[in-house]
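Everything numeric in this text was worked out from a predicted model, so none of it was measured. Every chain is numbered from 1, with letters handed out A, B, ... down the list of sequences.
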Amino acid sequence: MELMVCIKQVPGTSEVDIDEKTGVLKREGIDSKMNPYDLYALETAFRIREERGGTVKVISMGPPQAAAVLFESFMMGADDGILLTDRRFAGADVLATAYTLAQGIEKAGVPDIIVCGKQTTDGDTAQVGPEIAEFLDIPHVTNIRRIVAAEEKTVIVEMDMAETVEIMSVRYPCLISVEKNIYTPRLPSYKRKLEIGDREIIRLSLDDFSDRNELHYGLNGSPTQVLKVFPPAPNTDHDLVRGDSGHLAAYLFERLVERKFIRKDPV
Amino acid sequence: MKKLIIHHDRIDDPEKWVEICPFGALEVVDGKLEINAACKMCSICIKQGPKGAFESVETDISAVAKEEWKGVAVYVDHLEGNIHPVTYELLGKAGELARKLDHPVYALFSGSGIIRNAEKLRYYGADEIIVYDHPALEYFRIEPYAAVFEDFIIKRKPAIVLAGGTTVGRSLAPRVAARFRTGLTADCTLLEVRENTDLDQIRPAYGGNIMAHIHTPNHRPQFATVRYKIFPTPERRKEPSGTITRMQPAEERLKSRIDVREIRKKEQQMNLEDAEIIVVAGRGVKKKEDLLLIRTLAAALGGQTAATRPLIENGWADPRNQIGLSGRTVKPKMIITCGVSGSIQFVAGMQNSDYIIAINTDENAPIMKVAHLGLAGDLYEIIPRLLAKMTADPS
């Protein structure tokens, strides 16, 4: 069983701030970490490997520093790591990111199952996985809350819909994206770190891909463009009331009556 | 299409400028400033760097013939033909955009045995309701659903496609957008259209800490997903309008490598998104037992209870009742937050509520900036007094 997990390095915190005067992102909180949702994807892949044998590869697109998250996944148990890094990948939106990853996956060999986390904490789109599946022309299922079984030709999964749970079998090769909390992710192990030693990661650039047209990658390959970023607008209609609790309760009561959330019917 | 180039002759001390990039995308290689793969093309270096050193240049690409793409399409989200209310919200928005362009509004309705429900869409302003009704579309499976979506786009060529940010929408929209090699903006909170049919899309990023203004200048159709309860529901019209067109999908395109083996109904529960009144417990609630106070208030007002992330993490409340970016987005008529400080992640999930009341001992808590009515006081004192007044003054 060949498994591949897509992971991403994201800012260590989402508490980014913008300088309102200059419109510049403030640098604080730019430390990075593995996208927390990816930990569940990794754990899912490890569990399938434990059941069926095989290997778990991890793949990421990002700057050279993003190698850190691949090494972290080695410490959790991943067998191999691929980093897609090239200045020409810069400024990629969902489409260009998915296309680049699909090219990298194709180069590395399309596995039986590609596992993605639900979403990332910086982009929050949850849409790269389905687009990768489209570029690879393989089926995908999102919102998976449980792997029922990985069988010879199909994986049986439970998809979490708003009002129902659907149990479906998906033929290999396929892409699945898993819910947060599907399984409790294991911690990176120091013992494993020693075992790994200085395992190399594979670095691929645009020149390694089958499609070497620069216009399909990075900003050039991105149909969407960010015109600007700005802080969210605060609410300007405030009524702040101070005083003793009796007064506050009475004030609140009156507002609720006024707005008809409490009806004062004539007796 | 843009590309960033560096004019090295305008930079005297490369090391000095590495720091201006918040993403660490500038580095010095062989004494020269270079842009690495971390670049987000945010253009900060153009504004903050030495004058004229960083330049954004247009690279030549073939422009799409925008006039060939007309109409605003809405994907009808449904479960066994029961239309998800986000669909009506999107139809309202689609109507607004289409009127500005003098374009038609399309509703794309695909499923099995659904034709009987198509009539409902005629009360929300769709000019044409396009129905793919086929047994292969009984369950949501990606390949056949994407195939009919593709067929629809080829036949109608809409300029804009809107889908709900639901389980199905978030799976289907990206698949189809990728098929057309076009742009998709997820979780838009504001949509406006220009005369040339370019869609201005605003969405939160970085957990709602920043808002991004996005557009898709050279590709059609322009895809956007919008979460439930972001846009208002339009009034149901008195008279139906628009036509219903049945389409025949090509059989060979309806094959799937997915088999649905079983569908289990989840235990019936009220969705938090549907509640008109919500009372939220935050960290100001000191112990699990004290949630009774919150529940009593919610019950007295005929509302639902919800909680913030710390309480969910403590295991005090059901994760399905978490409000915030990692939980639900709600837009009730009234929300009362009790002992909630108002983290940006929480606020992102409730800031569109019609009337926001905050009870917090700290009048400087961020929630007070969001609240229409802020009560600087102790929830343990205010709520019992309010409940007492409500029972003394029965409704």
Side-chain angles (χ1 to χ4, degrees), chain A residues 14 16 18 24-25 27 30 63 85-87 89-91 94-95 98 122 125-127 130-131 134-135 139-140 142-143 161-171 219-220 223-230 232 234-235 237 239-242 245-246 248-249 252-253 255 261-265, chain B residues 1-2 22 35-41 44 59 79 142-143 167 170-171 174-175 178-179 182-186 205-207 209-216 219 257-266 301 334 363 368-370 372-378 381-382 385-386 389-390 393 395:
Chain A
S14 54
V16 292
I18 300 174
V24 170
L25 275 174
R27 268 197 79 105
I30 297 294
T85 185
D86 194 314
R87 189 196 145 181
F89 299 158
V94 168
L95 188 87
D122 55 353
T125 71
Q127 306 196 316
E131 295 210 357
E134 170 64 19
F135 287 125
H140 81 256
T142 62
N143 299 71
M161 302 279 278
E163 288 164 46
T164 54
V165 174
E166 296 198 11
I167 296 148
M168 38 178 85
S169 68
V170 192
R171 236 174 290 161
L219 190 78
N220 285 320
T224 61
Q225 293 181 9
V226 178
L227 292 175
K228 62 170 182 181
V229 293
F230 56 96
N235 176 4
D237 168 25
D239 182 9
L240 180 65
V241 192
R242 303 180 188 85
S245 301
L248 293 175
L252 176 55
F253 181 75
R255 296 289 84 72
F261 291 113
I262 299 174
R263 260 178 305 158
K264 254 179 151 174
D265 293 335
Chain B
M1 291 278 122
K2 283 186 297 182
I35 300 167
N36 70 25
C39 176
K40 302 266 188 266
M41 295 297 302
I44 284 169
T59 49
L79 180 70
I142 195 64
E143 305 104 314
T167 309
R170 293 167 81 98
S171 178
R175 183 97 197 196
R179 190 160 298 178
T182 189
L184 164 66
T185 307
Y206 286 94
N209 285 281
I210 59 177
M211 304 300 286
H213 179 181
I214 294 168
H215 74 166
T216 314
H219 296 73
R257 290 159 281 187
I258 300 169
D259 286 316
V260 176
R261 300 198 168 179
E262 191 189 334
I263 307 258
R264 280 207 304 262
K265 281 258 181 254
K266 282 199 219 163
L301 290 165
M334 173 172 72
E363 65 171 77
M368 294 301 192
K369 292 199 177 63
V370 182
H372 300 104
L373 172 60
L375 301 171
D378 187 347
E381 292 184 13
I382 295 171
R385 284 176 173 79
L386 174 66
K389 274 181 117 21
M390 287 171 76
D393 208 337
S395 54

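With a 4.5 Å cut-off on non-hydrogen atoms, Leu79(B) touches chain A through its side chain but not through its backbone. With a threshold of 4.5 angstrom between heavy atoms, Asp86(A) approaches chain B through N, CA, C or O but not through any side-chain atom. The contact between Leu227(A) and chain B is made by backbone and side chain atoms together, counting heavy-atom distances below 4.5 Å. Within the 4.5 angstrom heavy-atom criterion, atoms from both the backbone and the side chain of Ala126(A) approach chain B. Only the side chain of Glu143(B) comes within contact range of chain A, with at least one heavy atom under 4.5 Å from a heavy atom of that chain.
Every residue meeting the side chain to side chain contact (heavy atoms under 4.5 Å, CB included) condition with Ala90(A), not counting sequence neighbours, appears here in chain and number order: Cys39(B). For Met334(B), the side chain to side chain contact (heavy atoms under 4.5 Å, CB included) partners two or more places apart in sequence, or in a different chain, are Leu256(A), Phe261(A), Ile277(B), Leu301(B), Ile336(B), Tyr355(B), Ile357(B).
Counting all heavy atoms, side chain and backbone alike, Leu184(B) lies closest to Pro174(B) at CD2-CA, 3.4 Å. Closest approach of Arg385(B) to Glu381(B), counting heavy atoms only: NH1-O, 2.9 Å. Scanning both residues, Leu252(A) and Leu373(B), for their nearest heavy atoms gives CD1-CD2, 4.2 Å. Taking both residues in full, the closest heavy atoms of Thr125(A) and Arg170(B) are given as O-NH2, 3.5 Å, listed atom of the first, atom of the second, then distance.
Interface remark: of the candidates Asp259(B), Leu386(B), Val260(B), Asp259(B) forms the most heavy-atom pairs closer than 4.5 Å to chain A. Note on Ala249(A), Pro63(A), Ser169(A), Gly246(A): by heavy-atom pairs under 4.5 Å with chain B, the leading option is Ser169(A). Per-residue counts of heavy-atom pairs under 4.5 Å with chain B were compared for Gly91(A), Pro139(A), Pro130(A), Ala98(A); the largest is that of Pro139(A). Here Arg257(B) is the residue among Glu363(B), Arg257(B), Arg261(B) with the most heavy-atom pairs under 4.5 Å with chain A. Counting heavy-atom pairs closer than 4.5 Å to chain B, the top residue among Val94(A), Val165(A), Leu248(A) is Val165(A).
With values rounded to the nearest 0.5 angstrom, Thr167(B) atom OG1 is found 6.0 Å from Met161(A) atom CE.
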